[in-house]
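Notes for the one structure printed next.
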Amino acid sequence: MKDFATIRNDFPILFQEVNDEPLVYLDNAATTQKPKQVLDVLRHYYETDNANVHRGVHTLAERATADYEKSREKVRAFINANETAEVLFTRGTTTGLNWLARSYGDAFIKAGDEIVISYMEHHSNIIPWQQLAQRSGAILRYLPLTAEGFIDLAEAKKIINEKTAIVSLAYVSNVLGVINPIKELATLAHSNDAIMIVDGAQATPHMQVDVQALDADFFAFSGHKMCGPTGIGVLYGKRSLLEQMEPVEFGGEMIDFVRLYESTWKELPWKFEAGTPNIAGAIALGGAIDYLNEIGMDNIHQYEQELVAYVLPKLHAIGGVTIYGPQDPEHHTGVIAFNLDGIHPHDVATALDMEGVAVRAGHHCAQPLMNYLDVSATARASFYFYNTKADADRLVQAIQATKEFFKDGAN
Ligand code: PMP
C-alpha cells in the first residue's frame with residue numbers, strides 16, 4: 001500500500017510556491033490534481049497508440065480500441081456495475097444528468113409527475129430537471145434539510161410518494177460535506193415506483209462506491225475530481241432502463257445501419273456514444289482508477305476522515321468561523337464550507353491565496369442552497385488524500401492571520 005506521507009511526491013504540481021509560500025491546494029471539490037502515473041498514461045497513449053476507436057482494422061486502432069474498452073471494464077469494477085454495457089463514457093457529471101433528463105425524461109415523464117431533488121443539489125442536478133419540468137408539465141419538488149444539513153428523512157417520506165417519478169440526489173454535498181443515505185432513499189423511491197438517480201461527483205473520488213448495493217438506477221460522476229483528466233466522465237445505468245432509452249446525440253460510432261430516412265443504433269453502451277469520444281481521457285481515467293485502487297478507496301476515505309477530525313476542531317477554536325453542514329467530524333467529509341464573521345468570502349479566499357492556500361469562494365454552483373442557508377456565498381476548503389495535517393495547519397494559520405488582518409484593517 002502507498003504511504004500517505006509520501007504520496008504527494010506523485011503530484012508534481014504541488015511542489016511550487018504561490019505568492020512566495022509553498023502551495024497548499026485545498027480546492028479538490030472543484031478539481032483534483034493528477035499524479036505522474038496518470039500523466040504517463042496520457043503521454044503513452046498519444047506517443048504510441050493514438051488512433052480512432054472502433055473503426056480501423058490497423059494495429060494502432062486496435063490498440064486504442066482495446067485500451068478504451070479496458071478502461072470501461074476498470075470503471076465497471078470500480079463502481080461494481082453488473083456489466084460494461086451499463087457504463088457509458090460522458091464528458092462529466094453534468095453531461096450524464098442532462099442525458100438522463102433528455103432521454104429518460106422525455107420518454108417517460110408526463111404532466112403531473114413529480115421529480116424530487118433536494119436543497120443541497122449542485123446546479124447540474126437542478127437545471128436539467130427544471131427544464132424537463134417546463135417541457136413536460138412535471139412538478140419539481142425539493143427535500144428540505146435539517147438544521148445540521150442532513151436530508152430530513154421524515155419529510156422525505158412524505159414528499160416521495162406515488163406521484164414521484166424521479167428522485168435525483170447528490171451522494172455527497174459539494175458544500176455541506178454530508179454523505180446522504182442513498183440506499184434508504186432508493187428504497188423509498190422504488191417503493192413508490194420511482195427511479196433513483198445519484199449525482200456521484202463528490203462521492204466517487206473519496207469512498208468505495210457500489211451501484212448495485214445502493215440500488216441506484218443511474219449514477220453519474222466526473223473523472224477530473226478523481227485524479228483523471230477533464231472532459232471525461234461516466235454515466236452508469238441499469239441495462240433494463242438503458243435499453244428502453246433513446247440516445248441523446250446522433251452521428252458516427254453509435255449506429256448500426258444508416259438508411260436515407262431512418263437509422264438503427266448499435267447495442268449498449270455504444271448507442272449513447274456518438275462521435276469520436278474522449279479516447280485519451282477514458283484511458284487516463286482507467287489509469288486514475290488503477291492509481292486509486294492501489295491506495296484503496298477505504299483507506300482514502302479513512303485518511304480523509306482523520307484529516308477532517310484533525311482540522312474541524314481547530315477551525316471551531318479560531319472563533320468567528322461558521323462552518324456549514326454537520327459540526328461533528330464523524331458526519332462531515334473533507335468538503336468544508338465556512339465563513340469568517342464580517343469578512344466577505346471572496347476577501348477570505350484572496351487573503352488565503354496570499355498565504356499560498358488555495359480555497360474557493362462563491363456560491364459553489366448551489367445558489368438554492370445558499371438561499372436556504374441565508375448566505376450569499378461561502379469560502380470552501382476541500383481536502384484530498386494528498387493533503388496532510390501540515391496543510392490543515394497552514395489553513396488554520398492563514399485563517400487566523402486573515403481574521404487578525406481584517407480586525408486591524410477595520411480599526
Ligand atoms: N455535482 C456535484 C455535487 C459537483 O460537485 C459537481 C462539480 N462541482 C458537479 C455535479 C458537476 O460536475 P462537472 O462540472 O464535472 O460536470
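Every number for a ligand or one of its atoms is a count from 1 in the order of the listing. All of these numbers come straight from a predicted model, not from anything done at the bench.
- Counting heavy atoms closer than 4.0 Å to ligand 1, residue Lys225 contributes side-chain atoms (C-beta onward) but none from N, CA, C or O.
- Close contacts of ligand 1 with Ser222, meaning ligand atoms under 4.0 Å from a residue heavy atom, involve 12 (O), 13 (P), 15 (O), 16 (O).
- A heavy-atom separation below 4.0 Å is found between Asp199 and ligand 1.
- Using 4.0 Å as the threshold, His224 has a heavy atom nearer than that to some atom of ligand 1.
- Of the candidates His122, His123, Gln202, His122 brings a heavy atom nearest to atom 9 (C) of ligand 1.
- Geometrically, Arg8 engages Phe15 in a cation-pi contact defined by less than 6.0 Å to the ring centre and at most 45° from the axis.
- For Val335 against Asn174, the heavy-atom pair with the smallest separation is CG1-O, 3.3 Å.
- Look at Arg102 and Asp106 and you find a salt bridge, because one of the NZ, NE, NH1 or NH2 atoms lies within 4.0 Å of a carboxylate O, short of that distance.
- Using a 4.0 Å cut-off to heavy atoms of Thr94, the atoms of ligand 1 that qualify are 11 (C), 12 (O), 13 (P), 14 (O), 16 (O).
- Within 6.0 Å of atom CG in Asp20, 12 or fewer heavy atoms from other residues, nucleotides or ligands are found, so the atom counts as exposed in its surroundings.
- By the 4.0 Å heavy-atom criterion, Ser124 is counted among the residues contacting ligand 1.
- Contact annotation for Ala170 and ligand 1: no heavy atom of the residue comes within less than 4.0 Å of the ligand.
- Glu355 and Arg394 are not joined by a salt bridge, as no carboxylate oxygen comes within less than 4.0 angstrom of a charged side-chain nitrogen.
- Cation-pi geometry between Lys314 and Tyr310 is met: under 6.0 angstrom from the ring centre, within 45 degrees of the axis.
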